[in-house]
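Down below is the structure, laid out as C-alpha cells.
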There are 2 protein chains.
Amino acid sequence: MIDVPHNLMAFRGEENHLPRPTIHDVARTARVSLATVDRVLNKRGGVAEKSVRKVERAVVETGYIRDVSAANLSRGREYRFTFILPDSATGFVALLRDALTQEQARFKADKVQLDIVTTSAFEITAQVEALRRRNIRNSDGIALIASEAPEVQAEIARLTTEGVPVLTLVSDLPRSSRHAYVGPDNVVAGRTAATFMGRFVGTSEGAILMIAGSLAARDHMERVMGFRMVMTEQFPRLALLPAVQGFDTADTVKDLTRQALGAHSLAGIYAVGAGTRGLLAALKGHPHRPIIIAHELTDTNRGALLTGEIDLVIDQNPAAEVQAAITLMRDLSDQRPITTNGGAIPLSIFVRENI
Amino acid sequence: MIDVPHNLMAFRGEENHLPRPTIHDVARTARVSLATVDRVLNKRGGVAEKSVRKVERAVVETGYIRDVSAANLSRGREYRFTFILPDSATGFVALLRDALTQEQARFKADKVQLDIVTTSAFEITAQVEALRRRNIRNSDGIALIASEAPEVQAEIARLTTEGVPVLTLVSDLPRSSRHAYVGPDNVVAGRTAATFMGRFVGTSEGAILMIAGSLAARDHMERVMGFRMVMTEQFPRLALLPAVQGFDTADTVKDLTRQALGAHSLAGIYAVGAGTRGLLAALKGHPHRPIIIAHELTDTNRGALLTGEIDLVIDQNPAAEVQAAITLMRDLSDQRPITTNGGAIPLSIFVRENI
DNA sequence: CATAAAATGATTGACGTACCTCATAATTTG
DNA sequence: CAAATTATGAGGTACGTCAATCATTTTATG
C-alpha cells in the first residue's frame with residue numbers, strides 16, 4: 001500500500017514542511033505589489049483586468065489561503081446578532097434559549113455577540129415593536145420566530161432594504177423578504193410522522209387525530225399537510241380526523257383529547273405542537289393507548305418516551321439551528337456567498353432506545 | 001452614509017458598547033505587569049500565588065476573553081492530523097473519505113492539515129505498519145478505524161505514551177489507551193434497530209435474520225448485542241436466528257440471504273454491515289418481502305429507501321464524525337479539557353420521506 | 001504630444017496575543 | 001545582614017492581514 005497523498009499535498013510529512021504562503025508570496029510570484037494583491041483579494045476595484053488575472057493565477061500557483069485569524073484580527077470586526085423569541089417558557093422555546101446561551105459563551109471568543117430579545121408570544125404588536133427598536137435595527141443580523149402577519153412582513157421588508165440580514169427561525173415566512181429560513185422542512189416532518197404512524201399502528205383499527213397548536217402557524221400547517229398527504233396516499237385505511245387546534249396549551253390539548261377519545265376509537269395521535277402534558281393527562285387511565293407521535297425533545301417528551309407513554313419524537317435540533325443561524329448571519333453580513341445549504345435542519349428521530 | 005474610518009467604529013448599537021477588554025486591561029485592574037498576566041494566562045509558572053489570584057480576579061472583573069484570532073496568529077501553530085482508513089472503496093468508508101476531503105478544504109484556512117492514509121482493509125499488519133511510519137508518528141493527532149488486534153493496541157499504546165493523541169473512529173477499542181472514541185453508540189444503534197423492527201413487523205409471522213459483516217468487528221458485535229437484547233425483551237414472539245457473517249461483501253450476503261429465505265419464513269432482516277446490494281439481489285422476485293433495516297446512508301441504501309426496497313436506515317453522520325474528531329484532536333493536542341461530550345455521534349434515522 | 005485618468009507601487013500603522021530578554025524588586029536562606 | 005533565590009516589571013518583536021496615504025508609472029483621450 002502506497003500512501004499517495006490525497007490531492008497533490010506534495011511533500012508533507014517528512015521534513016521540509018515549508019511555511020504556508022502569504023500575500024507576500026503571492027505578490028512576488030504575480031510580479032505585482034502587495035497593494036495590488038490586496039486590492040484584488042478584497043475586491044477594492046481599480047485594478048486592470050490583466051493584473052487581476054496575474055494575481056489569481058499566483059494564488060493558485062502558490063496555494064495561498066487567507067489566514068482567517070490574521071484577517072479577523074486586522075479587521076477587528078465584531079458581530080452583534082439579535083434573536084427574537086416568544087416569551088413562552090414552554091418546552092421548545094426554552095430549549096432554543098438554552099442552546100443560545102450556550103453558544104453565547106462559545107462565540108464570545110470569536111467576537112460574536114448574541115442578544116436575546118423576548119416578546120410576548122402570539123402578540124403581533126409586540127413583535128413589530130421589537131423589530132422597530134433602535135438597538136435591534138442596529139444589529140448585524142436578526143433571527144426571529146416570525147408570526148404570520150402582514151405587519152411583521154412589512155417590518156422585515158424595511159430591515160432588509162436597510163441591509164440588515166433577517167432570518168426566519170423554526171417557521172418560515174416565504175413570502176417575506178427574509179434572506180433565509182433556518183429550520184426543518186416541516187412538510188417533510190409531517191410526512192415522516194405519517195410514515196411512522198402508519199407503520200406503528202399496523203393492523204389496528206381506529207381513527208387518527210392531529211392536534212396542532214394553531215393552524216395559522218405555518219410550521220404546524222405544513223406538518224399537518226405533509227402528514228395528511230402521506231396518510232391518505234399510503235394508509236387510506238385509517239380515518240383521518242380533521243386537525244384540531246390546541247394552542248400549545250396543556251389544558252386545551254387535554255380537553256380536545258378527552259373529547260376525541262369520547263367520540264372515536266383512536267388508533268393514533270399526532271401531536272403537531274406543544275402541550276403534550278395535557279395529552280398525557282387525558283390518556284391516563286384510558287384502556288387502550290393510541291400510538292402517539294410528538295414534536296421536539298422537551299423534558300416532558302423525553303420523560304414520556306422513557307416511560308413508554310409516547311412512541312416517537314421528531315426533533316429539530318435547537319443547537320444545530322442556532323449554529324446554522326449564526327453561520328448564515330455571519331456570511332450574510334460579510335456579503336459572502338452563503339456556504340450552508342440554506343439553513344435546512346435535518347430531522348432527528350427519537351424512540352425510547354436512542355435518547 | 002457617513003464614512004467613518006473602519007477601525008474605531010465606536011458607537012455601535014445603543015450606548016457605545018465599549019471595546020472588549022484586552023490583557024492590558026486585565027494587567028491594569030490587577031495592578032500587575034503585562035508579563036505577569038501573560039505568565040498566569042499561559043501557565044508559565046514562576047508567579048506568586050497572590051499574584052495569580054489578583055490576575056484571576058481581574059479576568060473575571062473585566063470580563064476578559066482571549067481573542068482566539070490574535071492568539072492563533074501569534075502562536076502560528078499548525079496542526080497536522082492523520083486519518084487512517086481501510087482502502088475499501090465501498091459505501092460507508094467512501095462517505096467518510098468524502099466528508100474528510102470536504103473538511104480538508106475548509107480547515108486549511110484554520111491551519112489544520114488533514115492527511116488521509118489508506119491501509120489494506122482487514123489486514124492487521126498493514127495497519128500496524130502504518131502506525132509505525134515516521135511521518136505518521138509526527139502527526140499532532142491520529143484517528144483510525146482500528147482493528148481488534150493486540151498488535152494494534154500495542155502500537156496505540158506506544159503512540160499515546162509518546163504524547164500523540166489517538167482516536168478510534170467508527171468502532172471503539174475500549175481496552176486500548178486511545179484518548180477517545182468518536183462514533184455512535186453501537187449498542188444503542190442495535191437497540192434502536194430492534195425497536196423499529198419489532199414495530200414495523202407488527203403482527204406478521206416469521207423469523208428475524210441478522211447479517212453482520214464480521215462478528216469480530218466490535219461495532220457489528222455491539223449492534224447485534226443491542227438488537228438481540230431489545231428483541232428478546234420486547235418482541236419475544238419473533239424468532240431471532242443466529243447472526244451470520246457476510247463480510248461486507250455483496251456476494252456473500254446474497255448467498256446468506258438466499259439460504260435463509262429457503263430455510264425460514266423471514267419477517268425481517270437487520271443488515272448490520274455493508275453489502276446491501278447482495279441482499280436486494282437475493283430478494284428480487286421473492287413473493288413476500290421482509291422488513292429490512294440497514295446501516296449507513298450510502299448510495300445503494302438511499303436508492304433502496306426511495307424505491308421502497310428497504311424500510312429504514314440508521315446512519316452515523318460521517319461529516320459530523322469527522323468534525324468531532326478534528327475538534328477533539330485539536331483540544332487534545334492543546335492539552336485543553338475536552339469540550340465535546342467525548343465524541344458521541346447521535347444516530348440519524350432515515351425513512352423514505354426524510355432523506 | 002500634452003493632459004487627464006487609471007493603475008500600480010512603496011510604505012506605514014494598527015489589531016491582540018505570545019514569547020523572549022534583561023533589569024530590578026521582593027523574598028527567602030544561611 | 002549578605003547572598004541566593006524567586007517574582008515581577010519594562011520593553012520589544014513577530015504573526016499575516018487590512019486599510020489607508022501618497023508618489024509614481026502606465027494607459028487612454030482629444
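Lettering follows sequence order; numbering is per chain, from 1.
- Across all strands shown, R31(B) has heavy atoms under 4.0 Å from sugar-phosphate atoms exclusively, and none from any base.
- In this entry the distance linking CG of D25(B) with P of dC15(C) reads 12 Å, nearest Å.
- In this model, a donor atom of one side chain and an acceptor atom of the other lie less than 3.5 Å apart for S177(B) and T160(B).
- Considering only side-chain atoms of A48(A), the nucleotide from dA7(C), dT17(C), dC19(C) that sits closest is dA7(C).
- S69(B) places none of its side-chain heavy atoms less than 4.5 Å from the side chain of V68(A).
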Q. After noting the C-alpha distance and the side-chain angles of I145(B) and T168(B), does the key distance pass the side-chain contact (heavy atoms from CB on, under 4.5 Å) rule?
A. CA-CA 6 Å; I145(B) 303 184; T168(B) 50; over 6 Å; no

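- Whole-Å rounding puts the R28(B) CZ to dG9(D) C1' distance at 16 Å.
- Remark: Q153(B) engages no residue in a side chain to side chain donor-acceptor pair (under 3.5 Å) (not counting sequence neighbours).
- Annotation: cation-pi pair R178(B)/Y181(B) absent, no NZ/CZ under 6.0 Å from the ring centroid and within 45° of its normal.
- Dense packing is recorded around CZ of R44(A), with more than 12 heavy atoms of other residues, nucleotides or ligands lying under 6.0 Å away.
- Using modelled atom types, one finds a donor on one side chain and an acceptor on the other under 3.5 Å when comparing E321(A) with Q316(A).
- For E56(A) and R53(A), the salt-bridge test fails: no basic side-chain N is under 4.0 Å from an acidic carboxylate O.
- Within residues 34-45 of chain B, the residues having any heavy atom closer than 4.0 Å to DNA chain D are, in order of number, A35(B), T36(B), R39(B).
- Distance, K111(B) NZ to dA18(C) P: 13 Å, rounded to whole Å.
- Taking for each of G76(B) and S51(B) the nucleotide of DNA chain D with the nearest heavy atom, the 5'-most of the two is the partner of S51(B).
- Applying the 4.0 Å criterion to OP1 and OP2 of dC18(D), one finds that R66(A) has a side-chain N or O inside that range.
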Q.
Strictly under 4.0 angstrom, non-hydrogen atoms only: write out the protein contact profile of nucleotides 23-30 of chain D, one letter per nucleotide from the 5' end, B, S or -.
A. --------

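- In this structure, L73(B) atom CG and dT17(D) atom P are separated by 9 Å, rounded to whole Å.
- Atom-to-atom, CD of E78(B) to C1' of dA18(C) comes out at 16 Å; the value is rounded to the nearest Å.
- Here the P atom of nucleotide dG12(D) and the CD1 atom of I23(B) are 16 Å apart, to the nearest Å.
- Proximity note for A71(B) (side chain, C-beta onward) versus dA7(C), dA18(C), dG16(D): the nearest is dA18(C).
- Nearest-nucleotide positions on DNA chain D place V47(B) closer to the 5' end than the other of S74(B) and V47(B).
- The CZ atom of R77(B) sits 20 Å away from the P atom of dT17(C) (whole-angstrom rounding).
- Side-chain contact between T101(A) and I116(A) is present, with heavy atoms from C-beta onward closer than 4.5 Å.
- For S33(A), taking side-chain heavy atoms from C-beta onward, the closest of the listed nucleotides dT17(C), dG9(C), dA10(D) is dG9(C).
- Note on E129(B) versus R133(B): salt bridge recorded, some NZ/NE/NH1/NH2 to OD/OE distance being below 4.0 Å.
- In this entry the distance linking CG of N72(B) with P of dT17(C) reads 12 Å, nearest Å.
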